[in-house]
Amino acid sequence: MRFMVSLIFDEAQMDEVTHEQMEEIATEMNQFNDELRKAGVYVAGEGLAPSGMARTLRWGEAGKPVATDGPFAESKEQLGGFWILECGDLVESGEEARKLHEQQARS
């Protein structure tokens, strides 16, 4: 069973991150992704471009797509990336999501 885990955060916090801190975060995320691969649950995952570059397509009137700015939900947070995990059941996916949440809290 596949599950998608979304990375939601306030990208304004990234404005204060130094180049060295960004490299450290990337290293930690790569190590964490390796752990997911070793556990056999990692299917795919990607970080997304900053919201200023993003567009969301929705179906508008007469079945025509309408592009709007950003990957925004109704909040100040943005969709920053995602993981797709292959897990045996909802309990295992919850455990993996907990690990992802803890990893994000450390970053």
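- Of all heavy-atom pairs spanning E11 and P50, the tightest one is OE1-CA, 3.7 Å.
- The pair E102-K99 does not meet the salt-bridge criterion, since no charged nitrogen lies less than 4.0 angstrom from a carboxylate oxygen.
- For the residue pair Q21 / T18, a side-chain donor-acceptor distance below 3.5 Å is found, with atom types taken as modelled.
- Looking at E86, its side chain does come within 3.5 Å of a backbone N or O of M1 through a donor-acceptor pair.
- To the nearest 0.5 Å, the span separating CG on N30 from CD on E28 amounts to 10.5 Å.
- The two atoms that bring M22 and V17 nearest to each other are N-CG1, 3.6 Å, heavy atoms only.
- Expressed to the nearest 0.5 Å, how far CE of M29 lies from CG of L36 amounts to 8.5 Å.
- Between E35 and K38 there is no salt bridge, since no side-chain nitrogen of the basic residue lies less than 4.0 Å from a carboxylate oxygen of the acidic one.
- The two residues L85 and V43 come nearest to each other via the heavy atoms C-CG2, 4.0 Å.
- Within the model, atoms CD of E20 and CD of E23 stand 6.5 Å from one another, a figure rounded to the nearest 0.5 Å.
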Intermediate values then yes/no, side-chain contact (heavy atoms from CB on, under 4.5 Å), M14 and F9: CA-CA 10 Å; M14 298 305 288; F9 69 103; 3.7 Å; yes
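- Looking only at side-chain heavy atoms (C-beta outward), F82 and V5 stay at 4.5 Å or farther from each other.
- Taking each heavy atom of W83 and N33 in turn, the nearest pair found is NE1-OD1, 2.8 Å.
- For E92, there are no salt bridge (Lys or Arg N to Asp or Glu O under 4.0 Å) partners, not counting sequence neighbours.
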